Amino acid sequence: MSQLTRQTLPKLWAIIPAAGSGSRFSKTELKQYQMIQERTVLEHTVARLNQLPLTGYVLAIGAQDDVAKTLPFTNPDKAHFCAGGAERVNSVLNALEYLSDLASEEDWVLVHDAARPCVSQSSLHDLVHQATATDQAAILAIPVRDTLKRVLHGHDIATTVDRSTLWQAQTPQMAKLGQLKRAIQQALTDGATITDEASALEHVGEAVQVVPGRSDNLKITYPDDLELAKLILAVQA
């Protein structure tokens, strides 16, 4: 491969939205700063992403966050910080706009939950390989395993939901920088409900594929999730 070809290849960046209040975890403590094996959850998450050949990573943090910039992240020379937003989607858009001054619209971006520290190296490489090989946005996901019930009033079951075509979305979610930024901007303008990056892409008609992930790619949402994450990281180690 020539030097010119290497220079023109799209780069790979990561975005970690870390400005949320995490109220379901605790009213007073942020889940990304809980400790596991003498490191914060956020440090574990960043370390996992840095198993990829990232050009850089952007943490979107809250205005009152005085912790993130003090942490000893892996590859600190690649770390960038920007202001988070009111919701996750606003934080991601802020990070994309920040990256627009550093990166090409054709560069790839991985968006990953700050409180998802257990994603495996194999899953990360599978996702990147699939997206780049097909030149199409992709997300990690797993097929829904449990029987699902629709409950409309109180606690009474209305019906059982067919799960044969249902997948549970995870992160990272991967797309071209320009593609994802335009999709989020349009979705917000339209007042669409955006729960993840794929939903913004879907809203504007962009194809998104699922890449089979693993059930141990846990998102810490409730206090008992933290204990499970500790066990998963211990086993993975």
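Since this is a predicted model, take the numbers as computed values, not measurements. Nothing fancy with the numbering, it's 1 onward along the sequence.
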Nearest heavy atoms of [X] and [Y], plus distance in Å:
X	Y	result
Val151	Asp156	CG1-O, 3.3 Å
Leu124	Leu49	CD2-CD2, 4.2 Å
Arg214	Ser120	CD-OG, 3.6 Å
Arg48	Val119	NH1-O, 2.8 Å
Val211	Ala138	CG2-CB, 4.0 Å
Gly85	Asn94	N-ND2, 3.9 Å

Using modelled atom types and a 3.5 Å cut-off, is there a donor and acceptor pairing between side-chain atoms of [X] and backbone atoms of [Y]?
X	Y	result
Gln173	Ala198	yes
Ser104	Glu106	yes
Asp107	Leu177	no
Lys11	Ala103	no
Thr55	Trp13	no
Asn90	Glu87	yes
Glu38	Met35	no
Asp65	Ala68	yes
Lys31	Ile220	yes
Arg88	Asp196	no

Is there a chain of hydrophobic side chains (I, L, V, M, F, W, Y, each step under 4.5 Å between heavy atoms) that links [X] to [Y]?
X	Y	result
Ile16	Leu54	yes
Leu102	Leu180	yes
Ile142	Val144	no
Ile194	Leu96	yes
Phe81	Val58	no

Any non-hydrogen side-chain atom of [X] less than 4.5 Å from a side-chain atom of [Y]?
X	Y	answer
Met174	Leu12	yes
Val92	Glu197	yes
Tyr33	Leu42	yes
Val161	Lys149	no
His44	Leu233	yes
Asp224	Leu226	no
Asp77	Asn75	yes
Pro172	Arg116	no

Practice prompt. Check step by step if side-chain contact (heavy atoms from CB on, under 4.5 Å) holds for Gln209 and Thr134.
Written response: CA-CA 10 Å; Gln209 57 191 321; Thr134 60; 2.6 Å; yes
Worksheet item: Can you check side-chain contact (heavy atoms from CB on, under 4.5 Å) on Glu43 and Val41, steps first, answer last?
Response: CA-CA 5 Å; Glu43 287 173 80; Val41 168; over 6 Å; no
Discussion item. Check whether Trp108 forms a cation-pi arrangement with Lys176 (NZ or CZ under 6.0 Å from the six-membered ring centre, at most 45° off the ring normal).
Written reply: yes
Measure the spacing between [atom1] of [X] and [atom2] of [Y] and express it to the nearest 0.5 Å.
X	Y	atom1	atom2	value
Asn217	Asp113	CG	CG	8.5 Å
Asp216	Leu231	CG	CG	12.0 Å
Ile184	Thr189	CD1	OG1	11.5 Å
Gln32	Ile61	CD	CD1	10.0 Å
Ser123	Gln170	OG	CD	7.0 Å
Ile139	Leu110	CD1	CG	12.5 Å

Fill in: CA sep, side-chain torsions, deciding dist, call: Thr193, Thr195, side-chain contact (heavy atoms from CB on, under 4.5 Å)
CA-CA 6 Å; Thr193 300; Thr195 55; 4.1 Å; yes
Worksheet item: Between Glu206 and Arg182, does a salt bridge (Lys or Arg N to Asp or Glu O under 4.0 Å) hold up when you go through it step by step?
Response: CA-CA 11 Å; Glu206 295 280 5; Arg182 288 188 293 272; over 6 Å; no
Discussion item. Can you tell me how the ring of Phe73 sits relative to the ring of Tyr57, calling it parallel under 30°, perpendicular over 60° and tilted otherwise?
Written reply: perpendicular
Practice prompt. Output, in order, the C-alpha distance, side-chain angles, deciding distance and verdict of side-chain contact (heavy atoms from CB on, under 4.5 Å) for Asp225 and Lys219.
Written response: CA-CA 8 Å; Asp225 295 331; Lys219 181 180 180 182; over 6 Å; no
Inspect the surroundings of [atom1] in [X] and state if more than 12 heavy atoms from other residues, nucleotides or ligands are less than 6.0 Å away.
X	atom1	answer
His125	NE2	yes
Gln130	CD	yes
Gln37	CD	yes

